[in-house]
Protein chains: 2
Amino acid sequence: MQKEITIYDIAKQLELSPATVSRALNDHPAINQNTKTLVANKAMEMGYRSNMFASNLRRQRTKTIGVIVPRLDSAFMSTVLSGMEKVANESSYNLIISQSLESVTKEIANAKTMFDSRVDGLLVSLASDTDNLDHFNTFFRKGIPLILFDRVIAQKNCINIVIDNQKAGYDATIHLINQGCKRILHVTGSLKRNVYADRLRGYKLALLEHGLTGGAELERSTNLTRQDGLDLVNYIKSMAIPPDGLFIASDFCAATCITALKQSGFSVPTDIAVVGFNDDPVSLVIDPGLTTIHYPGQEMGEIAAQSLINHLNGLLRLSTTNTILLNHELVVRGSSQRVVSQSTLP
Amino acid sequence: MQKEITIYDIAKQLELSPATVSRALNDHPAINQNTKTLVANKAMEMGYRSNMFASNLRRQRTKTIGVIVPRLDSAFMSTVLSGMEKVANESSYNLIISQSLESVTKEIANAKTMFDSRVDGLLVSLASDTDNLDHFNTFFRKGIPLILFDRVIAQKNCINIVIDNQKAGYDATIHLINQGCKRILHVTGSLKRNVYADRLRGYKLALLEHGLTGGAELERSTNLTRQDGLDLVNYIKSMAIPPDGLFIASDFCAATCITALKQSGFSVPTDIAVVGFNDDPVSLVIDPGLTTIHYPGQEMGEIAAQSLINHLNGLLRLSTTNTILLNHELVVRGSSQRVVSQSTLP
DNA sequence: TTGTATGCGTTATCAA
DNA sequence: TTGATAACGCATACAA
């Protein structure tokens, strides 16, 4: 447990002032090049490490970004986080990550912790029951940038990074219609959240455009869990006229549902064609392969982190950009392909 | 962007000394209860938040735990992280998370960042090509606790948290043997890593005990990716005598392999029985359901974080405990069940 | 039970 | 190009 080396120690050994050492270490333009290398070498030799607290205390910034997500243990979110970590790391920002577990109460507590940790900026995807952004007012008041991604609420002074969920929902539904589906059941999550409300809107629009029937019986709002996937089959069996198409807003839920459908004697895609959402790894494993909307998670994480860092460096003004829209893509696999006889299973 | 409130501001308003305010805020025993509530209320009223940097600078600790994992975007790792976050949050520790992307070079860089961030302790799962713990020497020297989990290297002064991978490998293999398999192919990852080396050892032991043939032809070291799962089928088709059992050290790889096997006309489990590892969500979705070793990820994360925090609080001495072994469990599903006719698919 | 005084390690301002 | 000095906000040893 050796003593910690400070710039004073370096200064003493080099017969310089601490101020000069500090400037040399920070590559200050007004410092002689020779002095810089001298200091750098000495620092290395003595095993110096800068004290970020002292530095942060002085500079009033932390080089830390806070991240609040609904759940850490989701395939989609882990790709997003992976992208964020990559970008943050490259710009030598640290990431403090916490999860709301889909509860606004915990989200509020997490926001407070982040505030007390004095993060330079915040990246947030909202819990399923969050109604407003009041708990981030402390951030807004202090001018700490907040970027919402995936699950967002539109608000001034706050970038949203999303895909066009309505268009994605529309694309998915149109695809089913093109495969000959006439009666399409849509299963979605909490309609408080843009991601689900927008997909539903897209679905309805597509039906409307093609003069197809929708209505309450064909719209199910669930938690999109494994169990919901299984329950769905019972619901389908209970229907007077079962659907011939299924658009489920989560791949994992869709995959369990397909498994259960097959066990109940339904044939996929012949009896019921299925489209999921997210392009979760599971969609490649299920048989038949799951048609889905590819969601660029890694990219979304990278762009969110990069936008925040750019803003912090004054390279991007939040007020000029308000929403960043990422491209999604329909990935057609076996679970929905009726027109072409041979599936494109991987 | 209002001015930041400090304990001095509170002290002035209350006509107390900053020291008293500081102590009151920290619930110091020597402070009058009335004073405490007085200070607490005033702090709340004025919108005070403590400055962690000033505090850390004084106390020489950070209330921050560093986490280095191979990949963020894995189902298993995200459950581990979820457990860690839960425990850390409850004890008001922050988590700084970074990924090595399976590269020892990046792991070294991450370790340095963590060191400079002055984390109070470190939770690490090693990259696939890490040979030793030299890059953590700076931590050892300063007495900063390091806990390795899942992918570990045994070392003095450093807790390992693992499951008994050898026993798990043994259990998986024995199960296949009990299902009548005589020729079992084992597919695993980098043998530098305990998790894979131990599983292989367990596999070999089980074969040995039952007088079954093993050998190089039946041991494949891969990266356990999706592609490896697909390639495996080609390998199997190229074998003079194909295996009748498959023990794959990763569920996702096993699942893709099953899909490919079925497409190549193999029947699972009749022709080839398959056992995976991890109890990844995918194992419930694949048809037939994947027999696997349940790996307690969430629990591992919780225990790792809790052990570290206990140590930091002086409640647990690292030297007394060296390895914490978590229970695994064989979960039997359809992919391996030959003896019982009806599968236990969910 | 409370107050005084000091230092934690940096960086920014001003001066040289 | 470098140096002296004063904060940054807090927690503690010592005094009272």
Side-chain angles (χ1 to χ4, degrees), chain A residues 1-40 42-43 46-64 92 94 115-120 142, chain B residues 1-40 42-43 46-64 92 94 115-120 142:
Chain A
M1 194 85 117
Q2 81 230 4
K3 187 191 161 298
E4 200 69 52
I5 306 294
T6 73
I7 51 171
Y8 286 93
D9 301 319
I10 301 179
K12 211 170 296 169
Q13 292 236 356
L14 254 34
E15 297 185 317
L16 285 170
S17 78
T20 304
V21 173
S22 169
R23 283 190 275 245
L25 253 16
N26 288 301
D27 204 18
H28 190 108
I31 295 290
N32 188 304
Q33 190 54 51
N34 295 331
T35 317
K36 281 184 190 171
T37 48
L38 210 63
V39 169
K42 201 63 178 177
M46 298 178 71
Y48 167 80
R49 60 170 174 170
S50 94
N51 187 318
M52 301 181 89
F53 307 123
S55 172
N56 287 338
L57 181 58
R58 247 330 290 242
R59 296 209 237 211
Q60 309 273 38
R61 66 161 170 64
T62 68
K63 277 281 200 177
T64 296
S92 57
N94 280 329
F115 189 67
D116 290 344
S117 299
R118 282 176 159 70
V119 294
D120 288 343
K142 292 202 88 62
Chain B
M1 194 86 113
Q2 80 231 3
K3 187 193 162 297
E4 199 72 49
I5 307 294
T6 73
I7 52 171
Y8 288 92
D9 301 318
I10 301 178
K12 210 170 295 169
Q13 292 235 355
L14 253 32
E15 296 186 320
L16 285 170
S17 78
T20 304
V21 173
S22 170
R23 283 190 273 248
L25 253 15
N26 288 302
D27 205 19
H28 189 108
I31 296 289
N32 188 303
Q33 191 54 51
N34 294 331
T35 316
K36 281 185 190 171
T37 48
L38 211 65
V39 169
K42 200 64 178 179
M46 299 178 71
Y48 167 80
R49 60 170 173 169
S50 96
N51 186 317
M52 302 181 92
F53 306 121
S55 174
N56 288 338
L57 183 59
R58 249 323 292 243
R59 297 206 230 212
Q60 309 272 38
R61 64 162 171 64
T62 66
K63 278 281 197 176
T64 296
S92 56
N94 280 329
F115 189 68
D116 289 344
S117 300
R118 280 175 161 70
V119 295
D120 288 343
K142 292 202 87 61

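The analysis underlying the following values was restricted to heavy atoms, covering all of them including side chains, and did not include hydrogens, waters or symmetry mates. To find a chain, count down the sequence lines: A is the first, B the second, and so on, and within it residues start at 1.
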| For the pair made of CG in B/Leu25 and C1' in C/dT2, what is the distance, rounded to whole Å? | 16 Å

| field | 5' precedence on DNA chain D between B/Tyr48 and A/Asn32 (nearest-nucleotide basis) | value | A/Asn32

| request: For B/Asn56, report the nucleic acid contact type (base, sugar-phosphate, nothing); a contact means any heavy atom under 4.0 Å. | output: nothing

| request: Walk me through it: do A/Leu25 and A/Ser50 pass the test side chain to side chain contact (heavy atoms under 4.5 Å, CB included)? | output: CA-CA 9 Å; A/Leu25 253 16; A/Ser50 94; over 6 Å; no

| remark: A/Leu38 atom CG is separated from D/dT2 atom P, nearest whole Å, by 10 Å

| field | Check: C/dG3 base within 3.5 Å donor-acceptor of B/Arg23 side chain | value | yes

| said: Rounding to an integer number of Å, can you tell me how far B/Arg59 CZ sits from C/dT6 P? | reply: 22 Å

| message | If I take atom CE in residue B/Met52 and atom P in nucleotide C/dT10, what distance separates them, rounded to the nearest angstrom? | response | 20 Å

| remark: Rounded to whole Å, the CZ-P distance (A/Arg61 to D/dC8) equals 18 Å

| message | Reading DNA chain C from 5' onward, which residue's closest nucleotide shows up sooner: B/Ser17 or B/Gln60? | response | B/Ser17

| A/Ile7/A/Tyr48 under side chain to side chain contact (heavy atoms under 4.5 Å, CB included): CA gap, chis, key distance, verdict | CA-CA 8 Å; A/Ile7 51 171; A/Tyr48 167 80; 3.7 Å; yes

| So which heavy atom on B/Ile31 is nearest to which on B/Thr35, and how close? | CG2-CB, 4.0 Å

| query | To the nearest angstrom, how far is B/Leu57 atom CG from D/dA7 atom P? | reply | 17 Å

| query | So how far is it from B/Phe53 CZ to B/Thr62 OG1, rounded to the nearest 0.5 Å? | reply | 10.5 Å

| field | Separation of C/dT10 P from A/Lys63 NZ (nearest whole Å) | value | 17 Å

| Heavy atoms, side chains only, cut-off 4.5 Å: are B/Ser117 and B/Thr64 in contact? | no

| Considering only side-chain heavy atoms of A/Ile31, which listed nucleotide, D/dC10, D/dT2, C/dG3, is closest? | D/dT2

| message | Between B/Thr6 and B/Asn51, is the side chain to side chain contact (heavy atoms under 4.5 Å, CB included) condition met? List the steps. | response | CA-CA 8 Å; B/Thr6 73; B/Asn51 186 317; over 6 Å; no

| Picking from C/dT1, D/dT5, C/dG9, which would you name as closest to the side chain of B/Ala30? | C/dT1

| message | Less than 4.0 angstrom between a side-chain N/O of B/Asn26 and OP1 or OP2 of D/dA11, yes or no? | response | yes

| said: Does C/dT10 have its OP1 or OP2 closer than 4.0 Å to a side-chain nitrogen or oxygen of A/Ser55? | reply: no

| Nearest of C/dT2, D/dG3, D/dA11 to any side-chain atom of A/Ala19? | D/dG3

| said: Under 4.0 Å, heavy atoms only, any strand: does A/Phe53 hit a base, just the sugar-phosphate, or nothing? | reply: nothing

| Side chain of A/Arg58, base of C/dT11: donor and acceptor closer than 3.5 Å? | yes

| Which residue lies toward the 5' end of DNA chain C, B/Ala54 or A/Ser22, if each is placed at its nearest nucleotide? | B/Ala54

| note | Here the distance between atom P of D/dT1 and atom CD of A/Gln33, to the nearest Å, is 10 Å

| Distance check: side-chain N/O of A/Thr35 vs OP1/OP2 of D/dT1, anything under 4.0 Å? | no

